[in-house]
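Please read the structure below before turning to the comments.
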Amino acid sequence: MSDAVSSSMIDDIAVVKVDQPPVNAIDQAIRKGLSREFSQLRSRSNVKAIVLGCAGKTFIAGADIKEFDFGIGAPGYHEVFRLIEDSPVPVVAAIHGTALGAGTEIALACHYRVADEGARLGLPELSLGIIPGAGGTQRMPRLIPIEAAADMMLSGKPMPAERAKELGMIDSVVTGDVIDAAVLFARQLLAQGKGPRRTRELAVRSTENVAQVLAEKRAQAVKTMRGRTSPAKLLEALQAAAEKPFDEGLKVEMAVSAELEKSIESRALRHLFFAEREVRRIPGLSDNVQRRPVESVGIVGAGTMGGGISMAFVNAEIPVTLTDVSQAALDAGLAKIRKNYERSVSRGSIKADQMESRIKLITPTVDFSALSKADLVIEAVFENLDLKKETFLRLDQTAKQGAILGTNTSTLNIDEIATVTKRPQDVIGLHFFSPANVMPLLEIVQAKRTANDVLATAIDVARRIRKVGVVARVCYGFIGNRMMDPYGREAEHCLLEGASPEDVDSTLERFGMAMGILAVYDLAGVDIGHLTRLALGDVFKKDPTFYRPSAMLTERGWHGQKSGRGYYRYENGKRTVDPEVVKLFHDEGKRLGVPQRKPSTDEILQRCLCALINEGARILEEGVAVRASDIDVVYTSGYGFPRFRGGPMFYADTVGLKNIYDRILEFQRTLDSRYWQPAPLLEKLAKTNSSFKQWQAEKAAVRAVAS
Ligand code: 3H9
């Protein structure tokens, strides 16, 4: 028997309460509990109305996502929600926090809805590759206009209570205890002689041209949610709501839901949901480690990275002292920050006074000693080891005792940087991604001597500034850039073999990458990547074809978008193919004796992906990444890998590791065998018919036994 659902009486009004921390997600026990309580209340003549509310910080935040992996046991959602909707006495939902997914849907199955003024309601199922499958597609358009319902479901964005009331989803927005307010609301209903108002009996708020409206939304979704199947399926269920009686529409919703729950798209997105939360758990790092206080931050370098990082902190209301070598550099950095905020104001994402108060939290100064007060200092100077070391030497002399010293290096050896200080235990890598105020990823690099409390604090700080913080160990490029190296190498080699930049990029984009790798290089600055790679020294000597196109562009000053040409030409903000560059690479390929064979699109894709996955397997084995799923988080939140494919390691599992392994062996035979050595872990898992997921689960089990 579930005690997560209980009921009590306030005079003649029953209060049914769900109490399942942390977010009151509905699982089988909750469904059973709701079923039990609503069945019992039905038979009690002294119950005149029912209020459904939740304990804790939020109303129901959705179905328990874990249940989708095993199938949803009885009683099902429809059965329980129908029981609630069929109640002979009025049922009022009392909503606080966030009502999401099945949480919003259960509220729709209640007869009335009262929400706290800070509450938000949403149907984010598409972010999990499914659709609202507990009646949401059929009940929502009976309360709010079908177009607004479609927008709400397509965006997945939760809606503030006040807006939900304007649209017709909420009956009353209240302050104070929401359950008390809902009881009062129920009393008023009774006093007015109002009984149940069943959503399913209301007419759909449709329009004459609904088919056209939904078709337009479908066309838009094809563009904005490239490669996804669930948006079109959602619109199919909404169309059924407009055209069919409730029960018939519900059948369409059920059929679509059943199909999507099993889809790779949904499995991939559910995998990422848990993976993004799992990253916070580091084996051997206890939850009880005392965190260091971080109430102020110092940033060295007011360039693009330093400015973006400053914005990320002040957005979370953490004050920043921003330093640079000259007033001119500071002024330019601040002007850029203001321009970025002004863009947000013009888009309506923040208000002008919010912009001003955030900018006020930044104290610009050329006085390096001002960093002495900061709890955390992040160095964001140019990617050069000597310069970074020099900066850390100064930081060691300036920062207060106990301050955390972070470096934003994307590739360099943090152990070496830490050696110049007398406090290597305080040094950690904090690798932000550009633009740092926007990109959700933060690679947290644990150096050899980083103290546990520094690591634990960094993980917490990532959450405070709303980033997903993934812990990596020191190696060239950590997780993300190290894996990028062989991926980009293959893309560049294809150019020497006769493919054009467009052949490469369009292949990757069709797979779902946010941008082709060569367009990314143009955006980031071809020269930047080239200069960073020079640190690899030896490779260039051993293989003159290694990243040769990138070197050729850098030599010519064709650095990408900023210089108007790189892999492509850029004129008036438009990207076009540059035949001169295509020919340049082909001629160079011939000169270097690269066989001219113009790889097929399948080969381009497989070479890039297999190289990426193979390096991922090495990283796992070396312990640079804690889990395969951490790599997936890095790639989907920092490198544009399609979320609907779950990240490179999840994708490899879905393709089958044996297939990846075989393809690598094929490339070993047909291409440069030096680069096509299967990672030992990949080989082992492929030969035992295992997967990264299984390997990860086995490792976790071993750790659990050991601890
Ligand atoms: C749905 O409803 C389908 C129906 O239409 C159809 C049914 C047939 N399930 O994010 P946090 C866990 S689909 C299981 O760190 P916050 C989470 O893993 C669902 N677990 O907290 C974490 O565990 P741990 C639609 C869940 O305060 C802990 O709770 N709903 C679920 O930053 C804390 O989570 C959604 O998609 C869940 N539904 O944010 C909402 N939700 O500590 C998904 C959370 O062990 N949830 N957990 O790592 C969220 O968006 C956020 O969790 C929320 C709180 C905003 C609620």
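Quick caveat: nothing in here was measured; it's all calculated off a predicted structure. Remember, it's 1-based here, ligands and their atoms both numbered in the order they're listed. Any value given below was found using the heavy atoms of this structure, including those in side chains, with hydrogens, waters and symmetry copies removed.
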> Heavy atom under 4.0 Å from ligand 1: found in K57's side chain, backbone, both, or neither?
Replying inline: side chain
> Where does R281 meet ligand 1, judged by heavy-atom distances below 4.0 Å: at the side chain, the backbone, both, or neither?
Replying inline: side chain
>> Is it the case that ligand 1 has an N or O less than 3.5 angstrom from some N or O of R463?
In response: yes
> Could you walk me through whether Q20 and D64 pass the side chain to side chain contact (heavy atoms under 4.5 Å, CB included) check?
Replying inline: CA-CA 11 Å; Q20 172 136 292; D64 184 336; 5.5 Å; no
> Does any N or O atom in Y77 lie less than 3.5 angstrom from one in ligand 1, N or O only?
Replying inline: no
>> Tell me every residue that passes ring pair (Phe, Tyr, Trp, His ring centres under 6.0 Å) with F38, counting only those two or more places apart in sequence or in another chain.
In response: none
> With sequence neighbours excluded, what pairs up with E85 under the side chain to side chain donor-acceptor pair (under 3.5 Å) test?
Replying inline: R139, R200
> Checking R31 against Y77: charged group under 6.0 Å from the ring centre and within 45 degrees of the axis?
Replying inline: yes
> Any N/O of A102 closer than 3.5 Å to an N/O of ligand 1?
Replying inline: yes
> Is A61 touching ligand 1 with its side chain, its backbone, both, or neither, if touching means heavy atoms under 4.0 Å apart?
Replying inline: both
>> Between the side chains of R643 and D632, is the shortest nitrogen-to-carboxylate-oxygen separation below 4.0 Å, so that they form an ion pair?
In response: no
>> Quick check on contacts: which atoms of ligand 1 are under 4.0 angstrom from a heavy atom of P132?
In response: 5 (O)
> Does atom 7 (C) of ligand 1 have any protein heavy atom closer than 4.0 Å?
Replying inline: yes
> Should one rank P124, G133, S257, A99 by closest heavy-atom distance to atom 36 (O) of ligand 1, which comes out on top?
Replying inline: P124
> Short check: is a protein heavy atom less than 4.0 Å from atom 12 (C) of ligand 1?
Replying inline: no
> So is L100 polar-close to ligand 1, meaning N/O to N/O under 3.5 Å?
Replying inline: no
>> Is it the case that the side chain of R205 and the backbone of L143 share a donor-acceptor pair, with hydrogens and angles ignored and the cut-off at 3.5 Å?
In response: yes
>> Would T98 count as being in polar contact with ligand 1, using the rule that some N or O on each side must be under 3.5 angstrom apart?
In response: no
> Can you tell me if Q696 uses its side chain to pair, donor with acceptor, with the backbone of A628 under 3.5 Å?
Replying inline: yes
> Ignoring hydrogens and geometry, is there a side-chain-to-backbone donor-acceptor pair from S691 to D653 under 3.5 Å?
Replying inline: no
>> Pairs of nitrogen or oxygen atoms closer than 3.5 Å, one from P22 and one from ligand 1: do any exist?
In response: no
> Which ligand 1 atoms does G101 reach within 4.0 Å, using its non-hydrogen atoms?
Replying inline: 2 (O), 25 (C)
> G136: heavy atom below 4.0 Å from ligand 1, yes or no?
Replying inline: no
> When the ring planes of F433 and H431 are compared, do they come out parallel, tilted or perpendicular, using 30° and 60° as the limits?
Replying inline: tilted
> Counting heavy atoms only, which part of L128 comes closer than 4.0 Å to ligand 1: side chain, backbone, both or neither?
Replying inline: side chain
> How does I65 reach ligand 1, if at all, at less than 4.0 Å between non-hydrogen atoms: by side chain, backbone, both, or neither?
Replying inline: both
> Is there a donor in the side chain of E37 and an acceptor in the side chain of S7, or the other way round, less than 3.5 Å apart?
Replying inline: yes
> Short check: is a protein heavy atom less than 4.0 Å from atom 23 (O) of ligand 1?
Replying inline: no
>> Determine whether a donor-acceptor pair (N or O, by modelled atom type, separation under 3.5 Å) exists between the side chain of H96 and the backbone of G56.
In response: yes
